[in-house]
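If you're wondering where the values come from, they're calculated on a predicted model, not measured in any experiment. These numbers come from the heavy atoms of this one structure, side chains and all, not from hydrogens, waters or symmetry mates. Lettering of chains follows the sequences in order, A, B, ..., and the numbering in each one begins at 1.
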Number of protein chains: 2
Amino acid sequence: MSNVTISDVARKVGVSESTVSRCLSGFNVRNAEAIRKAIKELGYRPNLVARNLKSGRTGLVALIVPDITNPFFASIVRGAELAAGEDYMIQLINTGEQPEREEWAIQRMMGQVDGIIYVPSQEDSEAMTDVTDRSIPLVFVDRLIKNFRNIDSVLADNLTGGEMATQHLLEHGHTKIAHISGPLTSTPGKERAAGFARALKAHKIKEDSNYFVESDFTVLGGYQAMMSLLSLPTPPTAVFVANNQMTIGALKALKEKAIKTPEKMAIIGFDDHELTDLIDPPLTVISRDAHLQGAIAMQTLLERIKGGNQFPPKRIKVDVRLIVRGSCGSTCRHRETSTSNANKVLSASTRS
Amino acid sequence: MSNVTISDVARKVGVSESTVSRCLSGFNVRNAEAIRKAIKELGYRPNLVARNLKSGRTGLVALIVPDITNPFFASIVRGAELAAGEDYMIQLINTGEQPEREEWAIQRMMGQVDGIIYVPSQEDSEAMTDVTDRSIPLVFVDRLIKNFRNIDSVLADNLTGGEMATQHLLEHGHTKIAHISGPLTSTPGKERAAGFARALKAHKIKEDSNYFVESDFTVLGGYQAMMSLLSLPTPPTAVFVANNQMTIGALKALKEKAIKTPEKMAIIGFDDHELTDLIDPPLTVISRDAHLQGAIAMQTLLERIKGGNQFPPKRIKVDVRLIVRGSCGSTCRHRETSTSNANKVLSASTRS
DNA sequence: AAGTTATCTGCAATCGTTTGTAGCAACGAA
DNA sequence: TTCGTTGCTACAAACGATTGCAGATAACTT
């Protein structure tokens, strides 16, 4: 509602609009003082929309995430924001994992933002095909859409993560190990499940389909999945849960059934949480630097916005690490193992 | 980067730009079919920036919060987004409780958004005075800035909350009760501390300045505060912590010192958390509906955007309630007490 | 003092839409 | 036939800034 425009300022000082404009952009101007004074007195503030129309850029980046209430995504957003600096602001959209809403959001964002950082819910999404046509920079984070082969992405090393988690349970002597997976239509769901399978195979343990429950990354889903595992004739003695929300649900189920952890049931989660070392027992997890992941995504996007399609699509994977606490049985506390020690480096290794 | 404009479409069909424009806005147009076809073929998408310039509105609302990583603020944002519907999108800014960044953000937002929802960090902020001059709709959430008397706000009933928390500890027989407060320069910090004081007074317990630690709403702050309480010659037997982050810190301190809760130290927090019933012992808290608070804020803002300053400033307070778990001693589990039962109603009671 | 350069200024076009106004055709009513 | 109405359409003027261009002024040079 900026009532006062640049021409008001110009008129008051007695110069042309262009002079005021140039004064604002830092050029040398004769009546600079008077102009600044008039600007202050009138309370003039440049209309960014008009400026954007002329310049063709908006200084806005859309961040499309499933649910900001999930601390993991909140960290991604925070990391991205910090990496954006003062040049770009963030437009946030929660999709609730609903593909229709994702499509709506993308459609609506195009032509209003300079780029999009996108956490899609499903790997196969036909509806998104026309998005690529439009030449708006896009970066996938955490998950991707399969038929978009030429798009930048910043994922985690989910395969190794799933493998490490399962391996850890195996090392504690478990053989009846279950996996509560995310949707197998999503990148992390699929990859973590693959890591689970690979670790079992390496130890020559045949997969029991009863011990594999595909869920939906939600608290409720995790709760139900754990409940169904507990109702098996011979329940597992250890569970690898594929994300933080489902782990919470699973823990609630264990608590409700008064099942002792780790004695009766060892549990390992994916993605850490500020409270994980306060719960009973402290939760062992596979973790990664979500902040970093968001920052890299933003950095990649900004390069793409500046540089266009000059460089080939990047496919970055950030490292995961094992944080051992108490929920898988006795080990020295707080041992941390990382897939590499380049974890904190912003220029993370680009693989494959 | 929308290369193709409305005039490209017009030329292709052989009509004027205005006809295409009217077709898009739903008017009856002779060659509607041909126009729609051309739009599809050319991949035309209206330039929202240009449209906004003409219409004078951007369809954007800024949400300025301290830290989206705090689940409480994440819920506020989520609630606000849902209340915004499809008409308004959300632009998110984290301030990290830094007043300079808040000021920068506000300055930058004005002229780019239609309204601002704002969680300020300090009650006295001189720097913000020129913000009111500009007639851009603004709503305070959770906290406010004092010298802005004529601005809408959606706060919580902090006074009652602080009182209820302290009262709860008193009912468990505690007399040596400490308070880890937020910054007394912030609305909730001040009001919750006032509630604490009022409850003590009502029970004729004189305040011990050793038992009052002013902290900063952060995990680290809560940790340090609890540590300092524990190092007192006669430590308190119960603590009321003024927000969720500090409570986490305080719990970490207790855990580190291996102090049993609630036997050696009862603790009650402010604001709930998905994990509070999984920690050991489950945490008793004062809680409120953050989702609702965000939704009401957005609703108020939209009314203000539409209606201007026709109606007087609203000062809304949402109710708080006590959620009893285990951290204050044995009571029946999961008892809930609310200041009123109108909690879930979107049109919350407007007081004072 | 005259010529050359450097510095600043205003005009007008532009970014991509929307929208008021006037013109035009078609139609029914008198 | 003529007049008023209706229903579309095109033209052009906005919205509020930026910017190339040419003209004006000032500041040097010789």
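Contact annotation: the side chain of A/E97 never approaches that of A/Q122 to less than 4.5 Å [non-hydrogen atoms, C-beta and beyond]. Contact check for A/R143 versus A/E123: no side-chain heavy atoms found under the 4.5 Å cut-off.
OP1 or OP2 of C/dC8 has at least one side-chain nitrogen or oxygen of A/N28 nearer than 4.0 Å. Phosphate proximity of D/dA10 to B/S16: present, with a side-chain N or O under 4.0 Å from OP1 or OP2. Contact check, B/R51 against C/dT18: a side-chain N or O comes under 4.0 Å of OP1 or OP2.
Considering only the side chain of B/S18, D/dA10 comes nearest among D/dA10, C/dG16, D/dA17. Ranking D/dA17, C/dT17, C/dT18 by closeness to the B/S21 side chain, first place goes to C/dT18. Comparing C/dT9, C/dT17, C/dT14 against the side chain of A/K54 picks out C/dT14 as the nearest. The side chain of B/R22 sits closest to C/dG20 out of D/dA17, C/dG20, D/dT19.
One interatomic measurement links the two molecules: CG of A/D8 to P of D/dA17, which rounds to 9 Å at whole-angstrom precision. Between the CG atom of A/N52 and the C1' atom of D/dT18 there is a distance of 12 Å, given to the nearest Å. Distance A/L53 CG to C/dG16 C1': 6 Å, rounded to the nearest Å.
Ionic pairing of B/R315 and B/D152 is not present here: no N-O contact between side-chain nitrogen and carboxylate oxygen is shorter than 4.0 angstrom. We find that A/K12 and A/E17 are not joined by a salt bridge, their nearest charged nitrogen and carboxylate oxygen being 4.0 Å or further apart.
In this structure, A/N31 reaches the sugar-phosphate backbone alone: every heavy-atom distance under 4.0 Å involves primed, P, OP1 or OP2 atoms, never a base.
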